[in-house]
Protein chains: 2
Amino acid sequence: MARERKFTDDQLFQATKQMIIQDGYEAFTFSKLASILNVSRGSIYKYYENKDELISEFLMYEMNRFLHEFHKLDKSGDFQTQFELLIDFIFEQSNMHQVLEIIQQIPANTTKRVENNKNRLNEYHIDMYQQLQGLIDLGRKENIIKNHLPTALLLGMTFQTIAIPNHFNISQEEWIASIKEVLIHGMLKKE
Amino acid sequence: MARERKFTDDQLFQATKQMIIQDGYEAFTFSKLASILNVSRGSIYKYYENKDELISEFLMYEMNRFLHEFHKLDKSGDFQTQFELLIDFIFEQSNMHQVLEIIQQIPANTTKRVENNKNRLNEYHIDMYQQLQGLIDLGRKENIIKNHLPTALLLGMTFQTIAIPNHFNISQEEWIASIKEVLIHGMLKKE
DNA sequence: GTTCAAAGTGACACTAGTGTCACTAAAAAT
DNA sequence: ATTTTTAGTGACACTAGTGTCACTTTGAAC
């Protein structure tokens, strides 16, 4: 086995996540990462040829973790129950939103490993989207969702809610309950 | 007046906008800007000490333009009319969303001119927020908005809708109409 | 204890950006 | 035509990052 490693993949990915969530893709550098991990920059190149490769591996890792949690969600209730569980889940995994946005920023023209990861990330994304589509379809089968609203919009609006800045520090509980209320029944009182 | 300028502020801001919308704050460089404007990098330093200063001036310019348009909106109708006009307006000005996000990314510890601009941008932001708050208050006075929903959330959800990716290229018209429908009445049919 | 394979290092050459400044160019004022 | 004033230039020194590689370190296997 030879020499012991000074850092695990988990440590590396955790540090990467923190850097990316805080400052975004561009601000991520091997230098900063190396200093967080207390190793020399050169040692990271033993495992990743460059930044794009490292980040694409990180995204695979995060995506796997996320999908694993996602699949554990209870799929037995009716539409509204499952929809509310989904929103709770999205808020539990709130920084996943920032992580997923990074996928778009990986440039083309890199190594095969990166291209490979990008393709697999896309497949994962489609897989997840299909499951969510299944949830909306359930609502349609129950005949409670307005027929003319596009599925893509309903999912988009749902996911986008986690990016709304809560400047006034309204409690998480009230915040989430209000989001559910608006998405499901709208902001206006019933006449 | 001496020698003629090779580029106007408008040209400079337009090029800046394009670069920032396409690639974000970090990717903006004096080198690229200079090459778009067909001047030497050095000449831009005649007007702006550095990137932060240039971008903060650009944001002032954009914000002024945006607020000017905003103030022209018809404020005479009832809540629902004005709200729908607001959403139409937001989509007309859709890249303003990306522009506003840049404000957060200007670092601290720069020149006084930058600090000054940041403060004024904040004031503008508050000004706009108060007007929007006025709109929500109108809805409350008309007694048609559910009382328990926080104003900040309603505005947040409204503004966030422009960032929803329309991957399936649903027509702008249908997209906006659906957003209005969900925000106002929710995704579920009335029982 | 020797060997050897993998982990880690730090110096090197390179790139792409920054900010400055003495200098040149051009248009307006005299 | 000369002067003045401002616009613009490009070379210079600097910084912060990249990717590489010969070399050192370490721990397990023999």
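Within every chain, numbering begins at 1; the chains are lettered A, B, ... in the order of the sequence lines, protein sequences first and strands thereafter. Predicted, not measured: the structure shown is a model, and the values here were computed from it.
- Qualifying side chain to side chain contact (heavy atoms under 4.5 Å, CB included) partners for B/S31, counting only residues two or more places apart in sequence or in other chains: B/T29, B/R41.
- Applying the side chain to side chain contact (heavy atoms under 4.5 Å, CB included) test to B/A177 and every residue at least two apart in sequence or in another chain returns nothing.
- Taking the ring centroids of A/F30 and A/Y45, they lie under the 6.0 Å cut-off.
- Here D/dC14 presents its C1' atom at 12 Å from OH of B/Y45, a figure rounded to the nearest Å.
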Please tabulate, one pair per line, each protein N/O and nucleotide N/O from nucleotides 1-4 of chain C that are separated by under 3.5 Å, including the distance.
none

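- In this structure, A/K51 atom NZ and D/dA16 atom P are separated by 16 Å, rounded to whole Å.
- For the pair B/K32 NZ and C/dT18 C1', the interatomic distance rounds to 14 Å; values are reported in whole Å.
- Following rounding to the nearest Å, A/L33 (CG) and D/dA16 (P) show an atom-to-atom distance of 18 Å.
- Taking the six-membered ring for Trp and the full ring otherwise, B/F28 and B/F58 have centroids separated by 6.0 Å or more.
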Can you name the atoms? Protein N/O to nucleotides 8-12 of chain C N/O, anything below 3.5 Å, with the distance.
| residue | atom | partner | partner atom | Å |
| --- | --- | --- | --- | --- |
| C/dG8 | OP1 | A/K6 | N | 2.1 |
| C/dG8 | OP2 | A/Y47 | OH | 3.2 |
| C/dG8 | N7 | A/K46 | NZ | 2.6 |
| C/dG8 | O6 | A/K46 | NZ | 2.9 |
| C/dT9 | OP1 | A/K6 | NZ | 2.9 |
| C/dT9 | OP2 | A/S40 | N | 2.5 |
| C/dT9 | OP2 | A/S40 | OG | 3.0 |

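- Applying the salt bridge (Lys or Arg N to Asp or Glu O under 4.0 Å) definition to pairs two or more places apart or across chains, none involves residues 121-143 of chain B.
- For B/N50 and D/dT15, the CG to P distance is 17 Å, given to the nearest whole Å.
- In this structure, CE of A/M19 is placed 12 Å from C1' of D/dG17, rounded to the nearest angstrom.
- A/F28 has its CZ atom 13 Å from the C1' atom of D/dT18, to the nearest Å.
- Contact check on A/R65 versus A/E62 returns a salt bridge, with a Lys/Arg side-chain nitrogen under 4.0 Å from an Asp/Glu carboxylate oxygen.
- In this model, the phosphate group of C/dT18 is approached by a side-chain N or O of B/S31 to a distance below 4.0 Å at OP1 or OP2.
- In this structure B/I103 satisfies the side chain to side chain contact (heavy atoms under 4.5 Å, CB included) test together with B/L59, B/L100, B/L121, sequence neighbours excluded.
- In this structure, B/F168 has its ring center closer than 6.0 angstrom to the ring center of A/Y129.
- Side-chain contact annotation: B/T111 with B/E49, donor-acceptor N/O pair under 3.5 Å absent.
- Across the protein-nucleic acid pair, A/Y48 atom OH and D/dT18 atom C1' stand 18 Å apart, rounded to whole Å.
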